[in-house]
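In the text below, chain A, chain B and the rest are named by the order of the sequence lines, each starting its count at 1.
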Number of protein chains: 2
Amino acid sequence: MRPVHHPAAADFDLASVLYALGDTVRLGIARRLAGGREMSCAVAAGDAERLPKSTLSFHFKVLRDAGLIRTRKSGVMVMSTLRRAELDARFPGLLASVLGTPATGTQRRRERKL
Amino acid sequence: MRPVHHPAAADFDLASVLYALGDTVRLGIARRLAGGREMSCAVAAGDAERLPKSTLSFHFKVLRDAGLIRTRKSGVMVMSTLRRAELDARFPGLLASVLGTPATGTQRRRERKL
DNA sequence: TTCAATAGTTCAATAATATTGGACTATTGA
DNA sequence: TCAATAGTCCAATATTATTGAACTATTGAA
């Protein structure tokens, strides 16, 4: 397996992030990872697990390339986590509205400017 | 020109909305419309105006089909507006985080009319 | 240590989408 | 009536996504 690349948060591109989330399979994966738990591909895929493995592998790559997830090999499995804090820092409010979960560990200032 | 279709807000699909915004040309159009002004295709396209008209026409259709914009014919032009209120109601916070503009109807201390 | 099972990845072929040129339509102002 | 304007529509081409099949790496058991 080739070494995978994870973009730096500074290189996140909004259009790429939205594109990555603009697919029901990938959106489902992101939602499952939104709980914060690290999951294998098969588990994160959930009901989409019935898709061919090559297709899922492709979807995980799209998510990884856009910066949405970080993956690491653990034994025979590839474990994924949502890059929540980095995404929240770069695109405040985005994941909260898309995934329906509040930002993790975000220290809220006393007042937020609109 | 065939009659165009605008989906009802209840039929908006999050993945479709994200997909529509997940393209630099379409994201640019949405951003330009985020000010609330109604614009012709050419104006809303902004710097992407150099693209072929047929390509732009396709992008506007994607935005319209996803429910992001509403279009109407006015004279020789097709005018577009962002379906801001309906999108805000259906996907709270989404456009605010994507377009960097607060939701319409958000009460600030002093409201300024456009 | 060898082996089979597991959990993916990679590649190449095919299927599905996006882009585009060119012909077309509707509206307007001269 | 006519030419200009602002797009739309269509069919060909270019680009992407999906997939089967072969492959890799790791593990647990024999």
Atom pair distance, as rounded to whole Å: [atom1] in [X] and [atom2] in [N]:
X     : N      : atom1 : atom2 : result
A:K73 : C:dT6  : NZ    : P     : 15 Å
B:R72 : C:dT27 : CZ    : C1'   : 14 Å
B:I69 : D:dG7  : CD1   : P     : 11 Å
B:R26 : C:dT17 : CZ    : P     : 13 Å
B:M77 : C:dT25 : CE    : C1'   : 17 Å
A:R50 : D:dG20 : CZ    : P     : 12 Å
A:M1  : C:dA7  : CE    : C1'   : 10 Å
B:H5  : D:dC9  : NE2   : P     : 15 Å

[X] versus [Y], closest heavy-atom pair with distance:
X     : Y     : result
A:F91 : A:V17 : CE1-CG2, 3.9 Å
A:P92 : B:S97 : O-CB, 3.3 Å
B:K73 : B:V78 : CG-CG2, 4.0 Å
B:A9  : B:R90 : O-NE, 2.9 Å

Please tell me if the side chains of [X] and [Y] come closer than 4.5 Å, counting only heavy atoms from C-beta onward.
X     : Y     : answer
A:I69 : A:S80 : yes
A:L94 : A:L87 : no
B:L82 : B:L95 : yes

So, is B:R2 close to the D:dC10 phosphate, meaning a side-chain N or O under 4.0 Å from OP1 or OP2?
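Indeed, a polar side-chain atom of B:R2 lies that close.
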Within residues 52-64 of chain A: residues closer than 4.0 Å to DNA chain D (heavy atoms):
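Nucleic-acid contacts, sorted: A:P52, A:S54, A:T55, A:F58, A:H59.
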Can you tell me how far apart OG1 (B:T71) and CZ (B:R83) are? Round to the nearest 0.5 Å.
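Between B:T71 OG1 and B:R83 CZ, I get 10.0 Å after rounding to 0.5 Å.
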Nucleic acid contacts of residues 36-45 of chain A, taken as heavy-atom distances under 4.0 Å to DNA chain C
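Those residues are A:S40, A:C41, A:A42.
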Show which side-chain atoms of residues 22-33 of chain A pair as donor or acceptor with protein atoms under 3.5 Å away, not counting sequence neighbours.
unit_1	atom_1	unit_2	atom_2	d
A:D23	OD1	A:V25	N	2.9
A:D23	OD1	A:R26	N	3.1
A:R26	NE	A:A20	O	2.8
A:R26	NH1	A:H59	ND1	3.0
A:R26	NH2	A:Y19	O	3.4
A:R32	NH1	A:G28	O	3.2
A:R32	NH1	A:A44	O	2.8
A:R32	NH1	A:A45	O	3.0
A:R32	NH2	A:D47	OD1	2.7

Who passes salt bridge (charged side-chain N to carboxylate O under 4.0 Å, His left out) against A:K53, sequence neighbours left out?
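By the salt bridge (charged side-chain N to carboxylate O under 4.0 Å, His left out) rule, A:K53 matches no residue at all.
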For DNA chain C, the dot-bracket notation using Watson-Crick and G-U wobble pairs below 3.5 Å, [ ] for pseudoknot-type crossings and | for other-strand pairs, is ||||||||||||||||||||||||||||||
Results of side chain to side chain donor-acceptor pair (under 3.5 Å) for A:E38 - residues two or more places apart only:
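Partners of A:E38 under the side chain to side chain donor-acceptor pair (under 3.5 Å) test: A:R72.
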